[in-house]
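Scope of the values below: all heavy atoms of this structure, side chains included, with no hydrogens, waters or symmetry mates. Here is how names work: the chains are called A, B, and so on, in the same order as the sequence lines, proteins then strands, and each is numbered from 1. Quantities reported herein were computed from a predicted structural model and do not represent experimental measurements.
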Amino acid sequence: MPFAYGFLPHKGYCQQSKAPDYRFHPRPLWPKEYISKTNGASPMRMSRYFLPILKETPSEAQIVSHRLMLRAGMIRQSSAGIYSWLPMGFKVLRRLENIVHEEQIRAGHHPMLMPTLQSADLWRESGRYEDYGDEMLRITDRHGRDMLYGPTNEELITDIFRNNVQSYKDLPLTLYHIQWKFRDERRPRFGVMRGREFFMKDGYNFDIDKDAALHAYNRHLVSYLRTYERMGLKAIPMRADSGPIGGDDTHEFLVLADTGESEVFYDSAILDLEMGDREVDYDSVEQCAAIKEEWTTPYARTDETHDATLFDAIPEERRKISRGIEVGQIFYFGTKYSDAMNAKVVNEDGKLVPVHMGSHGIGVSRLIGAIIEASHDDKGIIWPEAVTPFRVGIVNLKQGDAEADAACENLYQNLTALGLDPIYDDRKERAGAKFATMDLIGVPWRITVGPRGLKNGVVELTSRKTGESVEMTPADAIARCAEIYAGV
RNA sequence: CGGGCUAUAGCGCAGUCUGGUAGCGCGUUCGUCUGGGGGACGAGAGGUCGCAGGUUCGAAUCCUGCUAGCCCGACCA
């Protein structure tokens with residue numbers, strides 16, 4: 001009984017993919033107690049929050065996402081390419097992590113957790129201990145054993161698989177985790193976009209044959225499309241090179257941004273494609289294949305795989321060249337690791353066959369940089385509603401004014417009760433400073449409360465993105481915010 | 001890993017050439033005035049000048065070694 005692990009279903013993508021259970025949050029954003037409604041000790045009051053914002057840009061930050069993450073008090077560098085995540089940055093990281101979990105679970109994949117430190121022996125088996133080179137951080141423990149800080153987990157998961165699965169009846173199977181990785185980059189830069197330590201979702205599918213594994217590939221492509229779209233991102237799957245993971249079939253997902261590290265060539269028709277809220281049956285081979293077809297038919301490639309002849313066949317007005325940030329990649333690599341590490345199962349005919357595998361990754365910490373690159377202005381970050389650390393900002397223009405204080409307090413309590421996750425700027429600062437702070441940290445919707453408006457019974461609701469303000473009663477402002485976030 | 005550069009208060013910087021015991025702006029603390037887009041004035045706090053050694057009566061400053069970090073390139077999620 002290899003899979004009798006409590007809440008994890010033994011089998012079947014069917015039930016889960018058709019009725020996703022959102023009560024299951026692999027890692028809640030924060031425990032309920034975190035939000036105190038009684039003693040005023042909530043960390044979402046800015047006067048009590050830890051949000052060390054900077055007026056000036058630290059000199060080491062070159063690109064906008066890095067600058068803004070430092071200025072908005074999201075991260076602090078601890079050494080080259082290694083960062084501490086301060087409360088607001090950590091909150092965004094958790095939001096992204098949860099979206100990834102939800103979409104993976106929806107697709108029928110099983111969350112688990114593997115360690116950051118691995119034994120070198122497994123990597124010697126696959127031959128990658130030597131191949132991986134200096135990017136692998138090698139560590140020796142007190143007994144002189146060779147260890148390493150995992151840059152990826154193919155070996156470890158294959159070892160777990162071969163020790164616990166013997167039969168085709170336990171397939172198909174996809175396991176994944178979201179865990180810190182380390183790749184000792186020669187030259188870390190761009191903040192979390194290219195750190196040495198990074199937070200990544202990596203998943204591994206095990207299937208009986210190539211067709212089944214290709215379905216897993218397509219299923220991942222679809223789940224990734226949904227994941228990025230939910231985060232408010234336009235991520236385009238592009239045919240890619242397989243790199244050190246190895247394998248035949250691979251796509252990477254790129255977010256268009258001027259600061260991207262890759263040059264990309266694409267047919268602008270692909271920008272019109274949307275997953276929307278279409279129902280997806282992740283068990284349907286046909287449906288997943290059709291969606292893959294839909295998204296991979298328009299030309300979209302990085303400079304690594306670019307084919308000028310194919311590109312030139314696109315109507316000229318749809319030919320686009322720009323830059324992109326890689327935020328994920330999916331691979332099918334067949335029996336590369338199962339052969340090397342002897343991961344076999346018995347098939348229907350009673351024969352021992354190597355499993356077909358693929359792996360898939362989403363750079364969760366890197367995504368934060370990509371989102372900011374794609375969504376900011378000269379005042380600061382503009383968070384998409386789905387990933388914002390705070391959904392509504394409350395600006396009290398005259399702290400200490402009894403009426404304004406009471407109105408803000410009321411808004412704060414009501415928004416909190418509705419799960420609208422407010423941040424209340426209750427500092428004794430001038431209006432300009434409060435506006436600048438809200439703009440910098442990127443809160444999508446701001447409610448401005450001041451004595452002047454309150455005389456007429458109104459507050460102001462302002463969109464960070466458009467800058468448009470509308471006056472309305474506090475009750476209407478709350479209702480409007482609830483409406484905005486209803487589908488998020 | 002090649003090439004370039006930097007390290008002085010929480011952040012941004014000056015001072016180093018020409019050695020004499022450290023300064024400016026922002027932030028921060030207190031007070032007064034202010035109060036709808038980083039306000040004004042006044043008074044404070046805060047630095048073994050990256051580390052180690054050397055030269056010198058005296059080193060942020062000169063010399064030697066080291067460490068850390070940044071940028072360009074090649075490489076990479």
Worksheet entry | Closest to side chain of A:Arg187, choosing from B:C11, B:A77, B:C71 | B:C71
Discussion item. Taking pairing as Watson-Crick or G-U wobble with both contacts under 3.5 Å, can you name the mate of B:U28, or confirm there isn't one?
Written reply: B:G44
Worksheet, complete the sentence: Answer for the Watson-Crick or wobble partner of B:C75, both distances under 3.5 Å, is none
Discussion item. Restricting to ring pair (Phe, Tyr, Trp, His ring centres under 6.0 Å), what partner residues turn up for A:Trp383, sequence neighbours left out?
Written reply: none
Discussion item. Looking at B:C33, which nucleotide sits across from it as a Watson-Crick or G-U wobble partner, both distances under 3.5 angstrom, or is there none?
Written reply: B:G39
Worksheet item: If you measure from the P atom in B:G15 to the same atom in B:C75, how many Å do you get, rounded?
Response: 39 Å
Discussion item. Using Watson-Crick or G-U wobble geometry with both distances under 3.5 Å, which nucleotide pairs with B:G23?
Written reply: B:C13
Item to complete: May I ask you to say what A:Gly380 touches in the nucleic acid, namely base, sugar-phosphate or nothing, with a heavy-atom cut-off under 4.0 Å?
Response: nothing
Discussion item. Let's test your reading of the model: under 3.5 Å, does the base of B:C75 pair with the side chain of A:Arg194 as donor and acceptor?
Written reply: yes
Worksheet item: Between A:Arg94 and A:Glu97, is a salt bridge (Lys or Arg N to Asp or Glu O under 4.0 Å) present by the stated rule, with each step listed?
Response: CA-CA 5 Å; A:Arg94 276 283 178 272; A:Glu97 183 187 3; 2.6 Å; yes
Discussion item. Which nucleotide wins on minimum distance to the side chain of A:Glu252, given the candidates B:C75, B:C71, B:A77?
Written reply: B:A77
Item to complete: Quote, to the nearest angstrom, the C1' distance that separates B:G3 from B:G20.
Response: 39 Å
Item to complete: Quote, to the nearest angstrom, the C1' distance that separates B:G39 from B:G73.
Response: 47 Å
Worksheet item: If we take the C1' atom in both B:C13 and B:G2, what is their distance in whole Å?
Response: 31 Å
Worksheet item: Does a side chain donor of either A:Ser262 or A:Glu326 reach within less than 3.5 Å of an acceptor in the other side chain?
Response: no
Fill in: Atom-pair distance (CZ on A:Arg189; P on B:A77), nearest Å
13 Å
Worksheet entry | Gap between atoms CG and P, on A:Leu51 and B:G27 respectively (whole Å) | 16 Å
Discussion item. How many whole angstroms separate atom CZ of A:Arg67 from atom C1' of B:C11?
Written reply: 15 Å
Item to complete: Measure from CD on A:Gln62 to P on B:G12 and round the result to the nearest Å.
Response: 12 Å
Worksheet item: Whole-Å distance between B:G69 C1' and A:Arg196 CZ?
Response: 11 Å
Item to complete: Can you check each nucleotide of nucleotides 32-42 of chain B against protein heavy atoms at under 4.0 Å and return B for base, S for sugar-phosphate only, - for none, in 5' to 3' order?
Response: --BBBBBB---
Worksheet item: Does one side chain, of A:His109 or A:Arg219, offer a donor that lies under 3.5 Å from an acceptor on the other?
Response: yes
Worksheet item: Taking atom P in both B:G54 and B:G58, what distance in whole Å separates the two?
Response: 12 Å
Discussion item. Between C1' on B:A74 and CZ on A:Arg186, what's the gap in Å once rounded to a whole number?
Written reply: 7 Å
Fill in: Counterpart residues, salt bridge (charged side-chain N to carboxylate O under 4.0 Å, His left out), relative to A:Asp146 (two or more places apart)
A:Arg124
Discussion item. At 4.0 Å (heavy atoms only), tell me whether A:Glu185 reaches a base, stays on the sugar-phosphate, or touches nothing.
Written reply: base
Practice prompt. Using whole Å, report how far CZ of A:Phe190 lies from P of B:C70.
Written response: 12 Å
Discussion item. Using the P atom as the point on both nucleotides, what is the distance between B:C26 and B:A40, in whole Å?
Written reply: 8 Å
Worksheet entry | Whole-Å P distance, B:U21 and B:A59 | 12 Å
Discussion item. Say we look at B:A43 and B:U18: how far apart would their P atoms be, to the nearest angstrom?
Written reply: 38 Å
Discussion item. I'd like to check the ring pair (Phe, Tyr, Trp, His ring centres under 6.0 Å) partners of A:Phe311; sequence neighbours left out, ordered by chain and number.
Written reply: A:Phe265, A:Tyr299, A:His306
Worksheet item: Between B:C11, B:C72, B:A77, which nucleotide has the shortest distance from any of its atoms to the side chain of A:Glu56?
Response: B:C11
Item to complete: For A:Tyr224, check ring pair (Phe, Tyr, Trp, His ring centres under 6.0 Å) against everything at least two apart and list the hits.
Response: A:Phe253
Worksheet item: Considering every strand shown, what is the Watson-Crick or G-U wobble mate of B:A7 when both distances are under 3.5 Å?
Response: B:U67
Practice prompt. Applying ring pair (Phe, Tyr, Trp, His ring centres under 6.0 Å), name anything that partners A:Tyr266, two or more places apart in sequence or on another chain.
Written response: none
Practice prompt. Provide, to the nearest angstrom, the distance between the CG atom belonging to A:Asn153 and the C1' atom belonging to B:A77.
Written response: 14 Å
Worksheet item: Is the number of heavy atoms from other residues, nucleotides or ligands within 6.0 Å of CD (A:Glu130) greater than 12?
Response: yes
